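Taking it in order: structure first as structure tokens, then the write-up.
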Amino acid sequence: MSVSPSGNRQPKPTREFILGVACELMVTHGFGGMSMRALAQQVGMQPGSLYHYFSCKQDILEAVAEMLIAERIQQWQRCKPRSKSPALQLDVFLNVHFGNNVDDHAVQLIGITELKHLDEIGRDRIKALYCVYVNELKGIIERGKVGGVFDVLKALPVAHIILAMLDGLMVSGLSGPKGSDQQSLADAKVFINKLLGR
């Protein structure tokens with residue numbers, strides 16, 4: 001435990017707390033601008049103490065990316081409709097994905113723009129986790145194709161295109177202020193339905 005300037009003992013920071021602060025620093029300064037020293041200062045630790053949690057700065061980025069993707073998967077699993085209707089499942093998936101990005105737009109940008117800083121092994125681990133998420137959408141599209149609801153040749157590339165488009169709206173800021181988010185999603189759904197041959 002650390003001691004605050006007033007002499008009170010403060011609880012030892014948790015791994016999750018450190019990752020949350022790291023997210024904030026990366027949003028503000030980018031991965032390159034975030035230092036272990038600044039992170040340690042923000043969480044109230046000595047810089048060397050961070051190495052009990054993470055071996056290097058790159059490990060922090062990998063853990064942040066993993067956390068963001070895991071949150072997307074968990075959010076979808078919580079909201080996934082029981083209905084087997086591919087059209088309904090697609091609509092809910094798009095709402096969850098877009099809503100999740102809008103709520104944490106700046107944090108989600110880390111997962112899109114900063115992964116280039118990971119080494120090959122780290123990128124491969126994050127890609128494998130992201131594939132779990134993409135495969136959820138791919139499965140919806142495949143079920144819709146089999147049921148005659150969607151008309152596509154291959155579900156996987158279409159799933160990647162849909163997610164890239166939605167993430168692109170976030171990165172480019174085309175979703176606009178909060179009031180226009182629903183209109184942006186509605187516009188995206190029109191395009192997605194055309195892509196799916198509906």
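In this chain, residues are counted from 1 in sequence order. Predicted, not measured: the structure shown is a model, and the values here were computed from it.
- Asn135 places no side-chain N or O within donor-acceptor distance of the main-chain N or O of Lys138, the cut-off being under 3.5 Å.
- Sorted by first and then second residue, the side-chain hydrogen bond (donor to acceptor under 3.5 Å, both in side chains) pairs with a member in residues 25-45 form an empty list; sequence neighbours excluded.
- Of the inter-residue distances, the one linking Gln46 atom CD with Leu50 atom CG reads 10.0 Å to the nearest 0.5 angstrom.
- Residues passing the side chain to side chain donor-acceptor pair (under 3.5 Å) test with Glu142: none are found, sequence neighbours excluded.
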For residues 146-161, please give each side-chain donor-acceptor pair under 3.5 Å, one per line with the distance, not counting sequence neighbours.
none

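- For the pair Asp167 and Arg72, the salt-bridge criterion is met [side-chain N within less than 4.0 Å of a carboxylate O].
- Nearest heavy-atom pair across Ala40 and Pro47 is CB-CA, 3.5 Å.
- Counting non-hydrogen atoms of neighbouring residues, nucleotides and ligands closer than 6.0 angstrom, the CD atom of Glu120 reaches no more than 12 such neighbours.
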What pairs of donor and acceptor atoms, side-chain ones from residues 61-69 against any protein atom, are under 3.5 angstrom apart with sequence neighbours left out?
residue, atom, partner, partner atom, Å
Glu62, OE1, Arg125, NH2, 3.2
Glu62, OE2, Arg125, NE, 2.5
Glu62, OE2, Arg125, NH2, 3.1

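- With sequence neighbours excluded, the residues satisfying side chain to side chain donor-acceptor pair (under 3.5 Å) with Asp187 are Gln183.
- Taking CD from Glu136 and CD from Gln89, the interatomic distance works out to 9.0 Å, rounded to the nearest 0.5 Å.
- Proximity of Phe93 to Cys79: side-chain heavy atoms (C-beta onward) are nowhere separated by under 4.5 Å.
- Taking CE from Met34 and CE from Met26, the interatomic distance works out to 4.5 Å, rounded to the nearest 0.5 Å.
- Annotation: side-chain contact (heavy atoms from CB on, under 4.5 Å) contacts of Phe17 (sequence neighbours excluded): Pro13, Thr14, Val21, Val43.
- Taking the side chain to side chain donor-acceptor pair (under 3.5 Å) definition, one finds that Arg82 meets it with nothing, sequence neighbours left out.
- Under a 3.5 Å cut-off, the side chain of Arg123 and the backbone N or O of Leu118 do form a donor-acceptor pair.
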Anything under 3.5 Å between a donor and an acceptor, one on a side chain of residues 188-198, the other on a protein residue two or more places apart or in another chain? List them.
residue, atom, partner, partner atom, Å
Lys189, NZ, Asp91, OD1, 2.6
Lys189, NZ, Asn95, OD1, 2.7
Asn193, OD1, Arg198, NH1, 3.0
Asn193, ND2, Lys189, O, 3.1

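- Atoms CG and CG, on Leu39 and Leu19 in that order, are 8.5 Å from each other to the nearest 0.5 Å.
- Using a 4.5 Å heavy-atom cutoff, the side chains of Lys80 and Val92 are not in contact.
- Scored by the side-chain contact (heavy atoms from CB on, under 4.5 Å) test, Ser55 finds Asp59 as partners (sequence neighbours excluded).
- Scanning all heavy atoms of the two residues, the minimum distance from Ala22 to Ile60 falls at CB-CG2, 3.6 Å.
- In this structure Phe31 satisfies the ring pair (Phe, Tyr, Trp, His ring centres under 6.0 Å) test together with His117, sequence neighbours excluded.
- Expressed to the nearest 0.5 Å, how far SG of Cys23 lies from CD1 of Ile18 amounts to 12.5 Å.
- Taking the six-membered ring where the residue is Trp, Tyr133 and Tyr130 present tilted rings, their angle falling between 30° and 60°.
- Not a single salt bridge (charged side-chain N to carboxylate O under 4.0 Å, His left out) links Lys127 to another residue, sequence neighbours left out.
- Under the ring pair (Phe, Tyr, Trp, His ring centres under 6.0 Å) criterion, no residue pair touches residues 38-63, with sequence neighbours excluded.
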